[in-house]
Amino acid sequence: MADISVTLEEGGQVSLSSPATIGEALSALVSGKQRKNTIAVRANGKAVDLDAVLNADAVIAPILKDSDEGLEILRHSTAHIMAQAVRELFGRDVKIAIGPAIENGFYYDFLRETPFSPDDFEQIEKRMAEIADQALPFSHRHISRTEAIEMFRTQGEKYKVELLEEMEDETVSIYQQGEFVDLCRGPHIPNTSLVKEFKLLRVAGAYWRGDENRDVLQRIYGTAFFDRKELKKYLNDLEEAKKRDHRRLGKELRLFTVNDQIGAGLILWQPKGAQLRRLIEDYWKDEHYRHGYELLYTPHIARHDLWKTSGHLDFYSENMYASMEIDEVKYQLKPMNCPFHIGVYKSDKRSYREFPIRWAELGTVYRYERAGALHGLLRVRGFTQDDAHIFCREDQLEEEIFNILDLNLLILKTFGFSDYDIYLSTRPEKSVGSDDIWEKATMALKQALEKKGLGFEIDPGEGVFYGPKIDIKIKDQLGRSWQCSTIQVDFNLPDRFDMTYTGADNRDHQPIMIHRALMGSLERFVGVLIEHYAGAFPIWFAPIQARVLNITDDQAAYCEKVYNRLRKAGIRVEKDVRNEKLNYKIREAQMDKIPYMLIVGEKEKAGGTVTVRMRDGKNLPPMGIDEFADKVIEESRQGRGI
RNA sequence: GCUCACGUAGCUCAGGUGGUAGAGCGCAUCCUUGGUAAGGAUGAGGUCACCGGUUCAAAUCCGGUCGUGAGCUCCA
């Protein structure tokens with residue numbers, strides 16, 4: 001038997017006689033807690049099971065329970081155990097499809113006539129626990145592909161057969177625990193006993209291979225952890241997310257509503273929500289003005305032919321509504337604002353001296369969304385983009401992208417978002433323009449990100465039809481990401497619309513166009529803000545900043561006086577003079593998440609003051625009415641940053 | 001759009017196997033005038049999403065439409 005040498009990545013080496021398993025090598029190299037917490041190993045860069053056999057020298061690194069990779073392996077194994085439980089409970093009527101680990105959990109897709117019910121979940125979970133108790137090893141084998149096809153075919157597992165038939169390898173990898181066999185690359189945990197803390201969460205339909213023309217499968221989602229506390233925390237977070245759901249808070253706080261008669265995906269902003277939105281818009285306009293933008297207003301419809309020129313009809317029509325006829329001319333509801341800004345551009349002969357031209361508009365657009373995609377404020381059919389178009393020369397492009405990124409990150413930060421992921425999306429299949437133009441535009445974005453030192457990932461084929469884009473996904477308080485900002489470089493529309501400017505050489509040149517939206521859409525952004533702040537908005541854009549509460553009717557007139565004075569001072573204030581107890585009024589103001597409650601009783605009335613109770617329950621000492629107004633104004637100014 | 005589930009007062013929800021509806025909150029009126037998260041009483045609110053069918057009779061069964069939710073797909 002030849003000796004093989006196994007090196008531990010973090011230091012240490014051992015010689016073993018071949019063949020030896022990873023587990024044996026590991027035991028020789030590490031001990032105690034680390035050995036116990038190792039559930040798989042990365043050997044020469046490849047993740048493998050502990051009982052994998054080593055035939056040659058290897059460099060290994062343990063995969064520990066508390067690593068992301070470890071958790072992923074656990075969840076993947078849990079998916080197998082769930083499939084085993086389902087198989088044992090429901091037999092061969094169920095066909096198994098695929099069952100990967102996903103972010104925060106796992107799923108497994110099944111074909112079954114009757115839908116899984118929540119009652120089934122209990123049964124499945126119980127069976128899973130039994131399987132875990134049996135501590136069944138996950139045994140790994142390689143068999144020939146034809147053998148595997150034969151085996152799954154006799155079991156009637158058509159999806160597995162399909163997957164195998166598309167593979168090209170001679171041999172394939174399968175895993176078995178108990179009687180349950182699955183086609184799987186692995187790795188897995190050593191045995192089922194490690195699966196203690198798991199929970200099945202929901203079931204939903206999913207197409208086989210994501211193709212809506214193929215079988216609809218039932219996807220059972222679940223999650224698993226090594227540690228009970230972490231499972232609890234996760235389930236807690238789910239509860240917390242439910243409490244923060246913007247649809248629920250939007251209703252409770254009277255921010256927005258939708259109405260069957262008006263239509264799905266069309267938002268009605270109630271007074272409080274409209275106030276919130278106005279504050280956001282005002283801030284946005286001010287900040288844009290400071291950053292060298294001018295504002296535009298453009299209409300909601302335009303002649304059909306415009307969209308032919310722009311390319312929308314060829315490349316974006318599935319998102320557009322049917323045209324309408326006005327005096328025998330076809331018109332089209334706008335899905336984007338860009339052609340209108342181009343129209344403004346073309347209203348004059350442009351000179352290079354005007355550049356860069358920065359035009360912004362809170363432009364309301366309408367896009368067709370499939371009924372099933374609609375979701376509260378986050379996915380709607382009519383929405384207002386905080387759109388802008390920058391027209392510039394090629395030599396100004398980089399600086400303009402820098403400027404946009406700076407403004408973008410500033411605005412996000414002001415709203416409390418300083419954690420984000422950045423993506424660079426490249427040319428999609430359906431698109432206009434030549435390859436070298438796309439290449440140029442993509443490089444411009446890429447270099448700008450690199451020079452700014454902003455890390456990013458490439459999202460291949462996810463650009464817009466007229467150009468590549470940078471997307472910024474912000475992370476909220478619960479760590480969830482939301483796509484809002486987008487920056488797109490476009491050499492194509494200027495060409496299609498035959499846009500020109502006169503250069504220093506007195507000749508015509510074509511400008512470059514940058515499209516960008518920072519908040520994305522007001523609807524989505526407000527939805528994200530609601531969830532991020534759980535409805536308790538910072539003072540500077542809280543729709544209501546203060547509510548005056550009198551203790552008895554004797555202070556009703558004083559209450560009124562405080563209210564009027566604050567309102568005149570520009571404070572967004574309400575009064576509650578109802579014949580109710582103070583406790584009751586406080587409770588209600590608290591549930592309305594109002595930042596400041598101003599309590600006025602005999603003392604305050606006599607002294608001309610207010611007692612301030614903050615949203616966190618703490619009290620400030622009594623202060624004068626104007627003093628309070630100044631305090632709120634100053635805090636708002638600071639929050640807004642202008 | 002597809003799969004599954006759901007659609008009862010402003011809101012949150014009850015209403016085995018068909019006999020034209022209930023609660024809590026909110027709202028109105030009255031009593032109470034009470035200092036930091038719900039005082040009490042009385043009362044007004046519903047063509048049970050909409051359309052059609054089965055039935056002597058439908059909120060309840062069946063079909064369709066619209067809407068909502070979880071996903072698939074898609075994206076600001």
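What you are looking at is a predicted structure, and each value in this text was computed from that prediction instead of being measured.
Remark: the separation of the C1' atoms in B:C25 and B:A37 is 15 Å, to the nearest Å. The gap from the P atom of B:A59 to that of B:G16 amounts to 13 Å, rounded to the nearest Å. Here, B:C48 and B:G15 have their C1' atoms 10 Å apart, quoted to the whole Å. Using atom P as the reference point in both B:A5 and B:C61, the two lie 13 Å apart (nearest Å). With C1' as the reference atom, B:C6 and B:U42 are 36 Å apart, rounded to whole Å.
Contact check of residues 248-257 of chain A against RNA chain B (heavy atom, cut-off under 4.0 Å) returns A:Lys251.
Side-chain contact check for A:Gln488 and A:Tyr466: at least one donor-acceptor pair (N or O, by modelled atom type) lies under 3.5 Å. At a cut-off of 3.5 Å, with distance as the only test, a side-chain donor of A:Asp490 or A:His515 sits close to an acceptor on the other residue. Neither side chain, A:Glu604 nor A:Gln555, offers a donor N or O lying under 3.5 Å from an acceptor on the other.
Annotation for A:Thr223 and A:Phe106: closest pair N-CE2, 3.5 Å, computed over non-hydrogen atoms.
Listed by chain and number, the residues in a ring pair (Phe, Tyr, Trp, His ring centres under 6.0 Å) with A:Trp482 amount to none (sequence neighbours excluded). Under the ring pair (Phe, Tyr, Trp, His ring centres under 6.0 Å) criterion, A:Trp208 pairs with A:Tyr159, not counting sequence neighbours.
Atom CD of A:Glu103 has 12 or fewer neighbouring heavy atoms from other residues, nucleotides or ligands inside a 6.0 Å radius.
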**OP:** Go through the steps for A:Ser481 and A:Gln483 under the test side chain to side chain donor-acceptor pair (under 3.5 Å), then give the verdict.
**Re:** CA-CA 7 Å; A:Ser481 335; A:Gln483 196 200 317; over 6 Å; no
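Pairing analysis of RNA chain B (Watson-Crick: purine N1 to pyrimidine N3 plus N6-O4 or O6-N4; G-U wobble: N1-O2 and O6-N3; both under 3.5 Å) yields stems of 3 or more pairs at B:1-7 with B:66-72, B:10-13 with B:22-25, B:27-31 with B:39-43, B:49-53 with B:61-65.
Aromatic pair A:Tyr596/A:Phe628: centroids less than 6.0 angstrom apart.
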**OP:** Can you check each nucleotide of nucleotides 68-76 of chain B against protein heavy atoms at under 4.0 Å and return B for base, S for sugar-phosphate only, - for none, in 5' to 3' order?
**Re:** SSBBBBBBB
Original post:
In B/S/- notation, 5' to 3', how is nucleotides 34-45 of chain B contacted by protein heavy atoms closer than 4.0 Å?
Top reply: BBBBBB------
